[in-house]
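Sequential numbering from 1 along the given sequence is applied to the chain's residues. These numbers were taken from a predicted model, which means no experiment stands behind them.
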Amino acid sequence: MAKSIVSAVLEKLSSFLMIPGEIKHNFELALALEEEIGKVIAHFQDIQSVLQDAESKQVKDANVRNWLKKLKDVAYDVDDVLDEWNSEKLKSQIEKEQKEARNFPLLKKMRNSISSFTFQTILYYKIASKLNGVNEQLDSIATEKDRYKFGLEKVVEEPRRLITASFIDDEEVYGRCQETEILVNVLVGENSSGGGLKLPVISIMGMGGIGKTTLAQLVYNHSDVECHFDKRIWICVSDPFDEIRIAKEILEAFKGESLNLVGKDNILQEIRSHVSGKKVLLVLDDVWSEDATRWEQLRTSLKHCSPGSRILITTRNEKVAIIMGTTSSNLFLLNTLSLEECWSLLSRRAYYGRTREECENLDDIGWKIAEKCQGLPLAAKILGGLLRFKRTREQWQNVLDSEMWDIEEAEQDLFPPLFLSYYELPLAFKQCISYCAVFPKGMILRKDELIKLWMAQDYLKGVRCEEMEIVGEEYFDELHMRSFFQDFRGDELDSGIMKYKMHDIIHDFLLVLMKTECVMLVNHDSEELKADLSCESARYGTLIRKEAAPTEPNIFRFRKLRSLLIDSSYHDTSSLRLYLPRLFDQLTCLRTLNLSNGLFRNSIEELPDEIGKLVHLRYLNLKNNKKLKELPESLCGLCNLQTLNLKWCDSLKELPCGIGKIINLRHLENDQTNLSLMAIPKGIGRLTNLQTLSLFVVMGNSDTSSLGDLQNLIHLRGLLKISGLGAVCDVTEAKKAELENKKGLRTLILDFTISKGLMSNRWQRDDGRLLEALRPPPYLEELEIWWYSSPTISANWMMGLTKLSHVSLGYCLHLKSLPPLGKLPSLESLYIGGMSRVEKVSVEFLGVEREEILAPSSSLESPLSSVIAFPSLKHLEFEFFDLEEWEDWMPLTSREEHISIMPRLCSLTINSCPKLKALPCYVLHNTSLKQLNISQSPILSERCRKETGEDWLKISHIPSIMIDSVRIQVNCSSVEEFGVLQFQPLHSSSLSSKNFLKAFSQN
């Protein structure tokens, strides 16, 4: 981490060597500033050359850790000084542009210029003074450095790596029976063809200490494997990947003696001749190298083995496995042990030499200690060995109560293998993963949020500004492939967003590295959880608010914090209002601030003006503060702010007028504020870095932003909801928005309601022309249209959206017929609701052209239909409500029966369609249908009644049927295969029908 921050600061310092023109006339100041910057650079460059060795020694040497802490403190201070300098220059530039735009008289412009010049001069004196103090500290650090005799980077000693062998004592292994059986079958089974590859590579992948080598040893020594292969060879590869050494060891395994051969080509030729005609198993344990060229020639020489030969590797990095030639079907991700297996492994060592009575007396504590291992075999072995020499319950309880990083044996034996994984990371990756120590153990992490937090700490620099999020994704994916993140899962109810966890042991290891930089506090007693509270120079903090009483948190002593995450999952944020002014006044180094509320209705109601003092702030999370009504104008002075999260701040009436000054803002997350937010201020169009703008409200007057202000926001991506479109009468304004040019948009929600407080100009509206003008980009995946008032939807662009997978049409109260959505080739889910004038759903809805309906009879001879309507549709929901007129869902005529309709339909929901007479045959006879849900539709309910209904025999093949909230048929095996047991609404990305009706009544 020290090398990362020092390298980052050096990179920034180089851009400050050019002395600003406004102070060049002040020769003394310019010279002093240039001299101080030069000294800082020289110091850091000198120290940088030994940092690799220092970081490798810090795990076991507390003095080195302390020296690195001092160095990091100074580097952070320099970074803050440079950021302050940049911020002031940026604010000055913004103010200058605004004043020039106002057309002030010449005299006033001169006064402003003189005032600005004076301020800049004072600022540079202040910067020079701070850098002078930094250099004094660096003098002391450089002197101390010489005591430790660190090696230079090129000759630094690498961390010790364990050399493995193929031998194993089966009695020492618990679990892994199933994994062993699977892998043995892959190596020797009849179906182990290797996917058609000449020499398949099978990879065991997982984090350090999870038992990859143990599993490989079990497989290698299995009797079936011994009998199957003519020759088995075990090689510990480790790092670096020395292909000459590996080749010699392979050859020595065949010859049974040491070799005197020299020359790579000679060795590979010998290998080729020895493996020819033999069935070989080659195990390469502990592979790290990502250099494919080192492996390719060696692998080529091995391809002359007999069919059935295999290569088995172990690695911590999925990328390595892929480079070595592993296919997805041959990649085995090794999971942790069960608690029972972990306990068996731990107790075998811990209970050695004890009586049965002694063991029974310790069982309850022992099981809890086994839980601490989190399924990691290495941790179970180490703690088991430690407990063997602890004789009393009190000693065992002390181990249970200790954090893992406080246990000496863990620091000596458990963490070094994990440090190898850390040691191999590039500098930028080390910063990113080290930051994760700030999260509470076991916390679920969202990939997109984590990337924004990294971005706020300036870890994703060195690329063009608009690509930071992409770089963050690449960093995260690399760290995930290297097993730093795991247990990922997709949550269907959260738009498929991927979530991840970090193994507790890895988290403990990171806390060792970040011990002096990370603090975690609870507010009721200032209990120390993860750091020495006397370390006031900590940079990353988490405050867990377990007390509802507004006691003063102990966080104010950590004035140099760059990240503060306040956990309000126990109590709401309302009690924080007393302390926010002081927090903003004292913790001015903050770059990340999380003030999000838990799932509480009560919250803070306003932010104090003092927030404008957080000049370094880049990430501000106010999510779920449901009583927050407004934001102060001082917020607009935070020119570095990149992320502003206002999700579910559903009392927020307006954004600050000067929001256009936050020119670095990239993510304005304001979804679920549309029932309160009146408008978007003018100036939003100046935020050309914006990538996220969840909600854009159109007010329709000259004091607020119009659709045309979206024109320059070309980087928008993900979700965009535009509400208040009912107030737009000028179609040309919609064309100015140029939504088609925003290539990153994937979800577009168009809400044609009218903002509160405005009268409806319905006689001036033409929603059809407006919809046509709002043409989205061609790669749109989700489209929702609400409260549309024209009788037809005839937008020419809609049928050209070939990637569209979800459509919602809601409360289009004047719509008389449904658009031909059956033409959309990728449409998977469709919601249609609240159509008061639609009386029938006819063949036009299928999107079938007249000439396709009148197909020649010769085409009917084909066993497969040549015309398919809704080819990808899986989920369909109609929700028409009691006053709707829908009566007929028209069946196909005899001329149309050659048309295939919804061949992949899995679920159908019919809700509140009281006049609907029947379902068409192409639905009733659809063999792919797995779920049918009918409610508040009495005619259909009667026809589908179990056993007695007119249509029962036609639908009885459907595994899951629910009528009026009663599940009348369930075939669990079929439903589980389908993947869900409960119906989910298709319009989850929008407001519920009740909220829409509430909004409509308010308007």
Q. Taking the side chain from Ser705 and the backbone from Pro681, do they hold a donor-acceptor pair closer than 3.5 Å?
A. yes

Q | Inter-residue atom distance Asp448.CG - Glu473.CD, 0.5 Å rounding | A | 9.0 Å

Q) Step by step, would you call Leu940 with Leu919 a side chain to side chain contact (heavy atoms under 4.5 Å, CB included)? A) CA-CA 8 Å; Leu940 282 186; Leu919 298 176; 4.0 Å; yes

Q. Checking Trp797 side chain against Glu740 main chain: does a donor-acceptor pair fall under 3.5 Å?
A. no

(Q) Between Phe845 and Phe870 (judged by ring centroids, cut-off 6.0 Å), do the two rings come close enough to count as a pair? (A) yes

Q) Is it true that the side chains of Asp477 and Tyr475 contain a donor and an acceptor less than 3.5 Å apart? A) no

Q | Salt-bridge contact Glu782-Arg746 (side-chain N to carboxylate O under 4.0 Å) | A | no

Q. Does Ile899 reach the side chain of Ile901, with side-chain heavy atoms less than 4.5 Å apart?
A. yes

Q. Got Leu750 and Leu748 here, is their nearest side-chain heavy-atom distance under 4.5 Å?
A. yes

**Q.** CA sep, side-chain torsions, deciding dist, call: Leu655, Leu646, side chain to side chain contact (heavy atoms under 4.5 Å, CB included)
**A.** CA-CA 10 Å; Leu655 298 174; Leu646 302 171; 3.6 Å; yes

**Q.** Over 12 foreign heavy atoms within 6.0 Å of NZ, Lys743
**A.** yes

Q) Do Glu669 and Lys452 meet the salt-bridge criterion of a basic N to acidic O distance under 4.0 Å? A) yes

Q: Go through Leu813 and Leu815 one step at a time and tell me if the side chain to side chain contact (heavy atoms under 4.5 Å, CB included) criterion holds.
A: CA-CA 6 Å; Leu813 302 179; Leu815 200 65; over 6 Å; no

Q) How far does CZ of Arg967 sit from CD1 of Ile961, to the nearest 0.5 angstrom? A) 10.5 Å

Q) Below 4.5 Å, heavy atoms only, C-beta onward: do Leu453 and Phe439 meet side chain to side chain? A) yes

Q.
Any donor-acceptor pair under 3.5 Å linking the side-chain atoms of Ser808 with those of His806?
A. yes

(Q) Is it true that Asn926 and Ser928 share a donor-acceptor pair across their side chains at a distance under 3.5 Å? (A) yes

Q. Quick one: does Lys930's side chain have a donor or acceptor within less than 3.5 Å of a partner on Leu905's backbone?
A. no

Q) Does some side-chain heavy atom of Asn689 sit less than 4.5 Å from a side-chain heavy atom of Leu665? A) no

Q.
Is it the case that the side chains of Asn597 and Ser603 hold a donor-acceptor pair, with the cut-off being a distance below 3.5 Å and no angle test?
A. no

**Q.** Glu733 versus Ser706, closest heavy-atom pair with distance
**A.** OE2-OG, 2.5 Å

Q | Presence of salt bridge, Arg837 and Glu885, under 4.0 angstrom | A | no

Q: Measure the acute angle between the ring planes of Trp889 and Trp886, then classify it against the limits of 30° and 60° as parallel, tilted or perpendicular.
A: tilted

Q: Specify whether Tyr500 and Phe485 have parallel, tilted or perpendicular ring planes, treating 30° as the upper limit for parallel and 60° as the lower limit for perpendicular.
A: perpendicular

Q) Within the distance-only criterion (no hydrogens, no angle test), does the side chain of Ser676 pair as donor or acceptor with the backbone N or O of Leu652 below 3.5 angstrom? A) yes

Q. Is there a donor in the side chain of His814 and an acceptor in the side chain of Ser789, or the other way round, less than 3.5 Å apart?
A. no

Q | Pair Ser790-Asp767, side-chain donor/acceptor within less than 3.5 Å | A | no

(Q) What's the separation between atom CG in Asn621 and atom CG in Asn594, rounded to the nearest 0.5 Å? (A) 4.0 Å

(Q) Just to verify, which of Arg601, Lys629, Lys627 counts as forming a salt bridge (charged side-chain N to carboxylate O under 4.0 Å, His left out) with Asp650? (A) Arg601

Q. Looking at Glu469, His667, Gln642, which one forms a side-chain hydrogen bond (donor to acceptor under 3.5 Å, both in side chains) with Gln691?
A. Glu469

Q.
If you define the side chain from C-beta out and look only at heavy atoms, does anything of Asp888 sit under 4.5 Å from Val841?
A. no

Q. Any sub-3.5 Å donor-acceptor pair from Asp964's side-chain atoms to Gln936's backbone N or O?
A. yes

Q) What are the two closest non-hydrogen atoms of Leu824 and Met798, and how far apart are they? A) CD2-O, 3.4 Å

**Q.** Minimum heavy-atom distance between Pro903 and Pro871, given as atom pair plus value
**A.** CG-O, 3.9 Å

Q | Heavy-atom pair with the smallest gap, counting every atom of Leu707 and Leu725 | A | CD1-CD2, 3.9 Å

Q: Verify the distance criterion only: is there a donor paired with an acceptor across the side chains of Arg618 and Thr592 at less than 3.5 Å?
A: no

Q. Do the side chains of Asn625 and Trp648 get nearer than 4.5 Å, heavy atoms only?
A. no

**Q.** Validation row: Leu628, Leu622 side chains within 4.5 angstrom (heavy atoms)
**A.** yes

Q) To the nearest 0.5 Å, what is the distance between NZ (Lys735) and CD (Gln711)? A) 13.5 Å

Q: Applying side chain to side chain contact (heavy atoms under 4.5 Å, CB included), run through Ile934 and Cys944 and close with a yes or a no.
A: CA-CA 9 Å; Ile934 298 173; Cys944 296; 3.7 Å; yes

**Q.** Inter-residue atom distance Lys647.NZ - Gln672.CD, 0.5 Å rounding
**A.** 9.0 Å

Q) Looking just at side-chain N and O atoms, do Glu828 and Ser872 make a donor-acceptor pair shorter than 3.5 Å? A) no

Q: May I have the step-by-step check of salt bridge (charged side-chain N to carboxylate O under 4.0 Å, His left out) for Arg769 and Glu772, ending in yes or no?
A: CA-CA 5 Å; Arg769 290 182 61 218; Glu772 181 65 44; over 6 Å; no

**Q.** For the student: nearest non-hydrogen atoms of Asp709 and Ile684, plus distance
**A.** CB-CG2, 4.0 Å

Q. Which residue, Asp751, Asn670, Leu668, forms the side chain to side chain contact (heavy atoms under 4.5 Å, CB included) with Leu695?
A. Asn670

(Q) I need the Ser596 OG to Asn624 CG distance, nearest 0.5 Å. (A) 7.0 Å

Q. What are the two closest non-hydrogen atoms of Thr802 and Pro825, and how far apart are they?
A. O-CG, 3.8 Å

Q: Indicate yes or no: at least one non-hydrogen side-chain atom of Leu916 is less than 4.5 angstrom from one of Ser937.
A: no

Q) Sub-3.5 Å donor-acceptor pair from the side chain of Lys874 to the main-chain atoms of Met902, do we have one? A) no

Q) With the threshold set at 4.0 Å, does a side-chain nitrogen-carboxylate oxygen contact exist between Lys803 and Glu781? A) no

Q. So, the side chain of Thr688 versus the backbone of Asn712: is there a donor-acceptor pair under 3.5 Å, distance only?
A. no

